[in-house]
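Computed from a predicted structure; not experimentally measured. What you see below is based on every heavy atom in this structure, not just the backbone, and it leaves out hydrogens, waters and symmetry mates. Note that the numbering runs from 1 along the sequence shown for the chain. In each ligand, atom 1 is the first atom listed, and ligand 1 is the first ligand listed.
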Amino acid sequence: MIDKILLTVLIVTAMNAVLAVILVIAERFLANYGTVRIRINEDKTLEVQGGSSLLASLNSHKIFLPSACGGRGTCGYCKCEIQEGAGPLLPTEAPLLTETEIGTQIRIACQVKVREDMQIRIPEALFNIHEFSAEVMLLEDLTYDIKLCRLKLIDPPGIHFKAGQYIQLRTKPYDQVRESVSRAYSIASPAFRTDQVDLMIRLVPDGICTTWVHRVLKQGDRVTFVGPMGDFQVHGQHEEMVLAAGGSGMAPMVSILHDMAAKQVTRKITFFFGAVSRKDLFYIDEMKELEKSIPDFTFVPSLSSPDPGDQWQGETGLVTVSLERYLKIADCTQIQGYLCGSPGLINACVKVMEACGVTRDRIYFDPFA
Ligand SMILES: Cc1cc2nc3c(=O)[nH]c(=O)nc-3n(C[C@H](O)[C@H](O)[C@H](O)COP(=O)(O)OP(=O)(O)OC[C@H]3O[C@@H](n4cnc5c(N)ncnc54)[C@H](O)[C@@H]3O)c2cc1C
Ligand code: FES
């Protein structure tokens, strides 16, 4: 009996798989949607060849929606209101949308195919996202696995962004990697430096983009990127700011702090930075300089597992430990939290902040996921 059930399940699964393959092949080679129109904000109309995703179709006309995963359908950043022509909600979109978003015609632009005329609405601010070509000015080791990558802008020659935002770097095919991919990297340089962008890129084992940056890219190479994107930025004017980050999560914080120094901002700022041991720490001298140039700024690095040879005199333990120690004796009613790094670090810091009385609406974060 069990054998028969198993066999039936196997046959149905195999038939579904064959059907899916046939559909993909038919879509690829037989479907011809011809030219279709995308009307944007009841104002502008694009003519595109039907069959590609909405994200790719807009990109082909140099209109860029935010995207952190490069169209893989995992980040959910490419949300877009599609008023007409989107077709039914796809299973790949559902996990990335809330009930309210589904009810208000929000869709995932990298998953929705443009097969018929479409009407969409996008925020005007997105027209400020451009494609840039740039030259690699500097590639420098910050630690054994984080590189500083400085890009000199060529075309267009300047970028206007808010400290905290990110760009999407596009790789070129290399070795066995035949495709170009796009990945998000926070801008580490200050917003007043419009002719270049600094990125801090941590090597992810077997990662396509980070291996390309760490092992293939050379000074003098030309690259392309799209930006600026993202909502991670400073809010308010006088509230105390508590920053927490780990690893390459340092990047947007450096940009924010340089802006604070340039503007001589007097609000109280404390930056908790977590690392494993001394070899994972970087920008210590820069932070000391920023402590001198920002009127009320303190940098608190913490090592979770210092090596005996590190001769570490500073804070020890996870970054959440130093953060909690500080928040427990601070007046949390006005504090704003700014967090950047892995989703694990962010979730842990949010928990500590909320438990100490920093409400969720005052916690801003940028998960590198
Ligand atoms: C808004 C935003 C800003 C970001 N800013 C930065 C930044 O300033 N600096 C920076 O170094 N990164 C940053 N990231 C992460 C970055 O976009 C890439 O995800 C990361 O560099 C890996 O890309 P990859 O192509 O090398 O790896 P992929 O080829 O995408 O992944 C290869 C494998 O590694 C896993 N993986 C992917 N990312 C990670 C990770 N971070 N840690 C462990 N495993 C991983 C994947 O699941 C996969 O199995 C940011 C991400 C976002 C969303
Ligand atoms: S670009 Fe990441 S989900 Fe669409």
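For atom 14 (N) of ligand 1, the closest heavy atom belonging to the protein is Ala184 O, 3.3 Å. Of the protein's non-hydrogen atoms, the one nearest atom 3 (S) of ligand 2 is Gly76 N, 3.2 Å. At the shortest separation from atom 19 (O) of ligand 1 among protein heavy atoms lies Arg183 CD, 4.3 Å. With respect to atom 43 (C) of ligand 1, the closest heavy atom belonging to the protein is Arg202 NH2, 4.0 Å.
At least one heavy atom of Arg72 sits less than 4.0 Å from an atom of ligand 1. The shortest separation from a heavy atom of Pro367 to ligand 1 is under 4.0 Å, placing the residue in contact. Residue-ligand proximity: Val181 is placed with every non-hydrogen atom at 4.0 Å or more from ligand 1.
Listed by number with element, the atoms of ligand 1 under 4.0 Å from a non-hydrogen atom of Ile201 are 11 (O). Close contacts between ligand 2 and Thr74 involve ligand atoms 3 (S) [criterion: under 4.0 Å to a heavy atom]. With ligand atoms numbered from 1 in the order given, ligand 1 contributes 22 (C), 34 (O), 36 (N), 39 (C), 40 (C), 41 (N), 44 (N), 45 (C) to contacts under 4.0 Å with heavy atoms of Val204. Near Gly71, meaning under 4.0 Å from any of its heavy atoms, are these atoms of ligand 2: 1 (S). Taking a cut-off of under 4.0 Å to the non-hydrogen atoms of Ala68, the atoms of ligand 1 that pass are 53 (C).
At least one N/O-N/O distance between Ser186 and ligand 1 falls below 3.5 Å. For the pair Thr211 and ligand 1, the shortest N or O to N or O distance does not fall below 3.5 Å. Considering backbone and side-chain atoms alike, Asp366 places every N or O at 3.5 Å or more from each N or O of ligand 1. Between Cys209 and ligand 1, at least one N/O pair is under 3.5 Å apart. For the pair Met200 and ligand 1, the shortest N or O to N or O distance falls below 3.5 Å.
Under 4.0 angstrom from ligand 1, the non-hydrogen atoms of Tyr166 all belong to its side chain. By the criterion of a heavy-atom distance under 4.0 Å, neither the backbone nor the side chain of Leu65 is placed next to ligand 2.
Judged by distance alone, with hydrogens and angles left aside, the side-chain atoms of Ser180 form a donor-acceptor pair with the main-chain N or O of Thr171 at under 3.5 Å.
Computed with atom 2 (Fe) of ligand 2 at the centre, the Cys69 SG to Cys75 SG angle is 110°, stated to 10 degrees.
Closest heavy-atom approach to atom 29 (O) of ligand 1 among the candidates Ile208, Thr210, Val213: Ile208. Of the candidates Phe232, Trp212, Tyr185, it is Tyr185 that places a heavy atom closest to atom 20 (C) of ligand 1.
Ring geometry, Tyr77 versus Tyr166: the interplanar angle exceeds 60°, so the pair is classed perpendicular (tilted spans 30 to 60°).
Inspection of the Asp280 and Tyr144 side chains reveals an N or O donor paired with an N or O acceptor under 3.5 Å.
Counting only heavy atoms from C-beta outward, the side chains of Val197 and Phe225 approach each other to under 4.5 Å.
Summarising the geometry of Val216 relative to Asp221, their closest heavy-atom pair is O-OD2, 4.2 Å, with the distance given to 0.1 Å.
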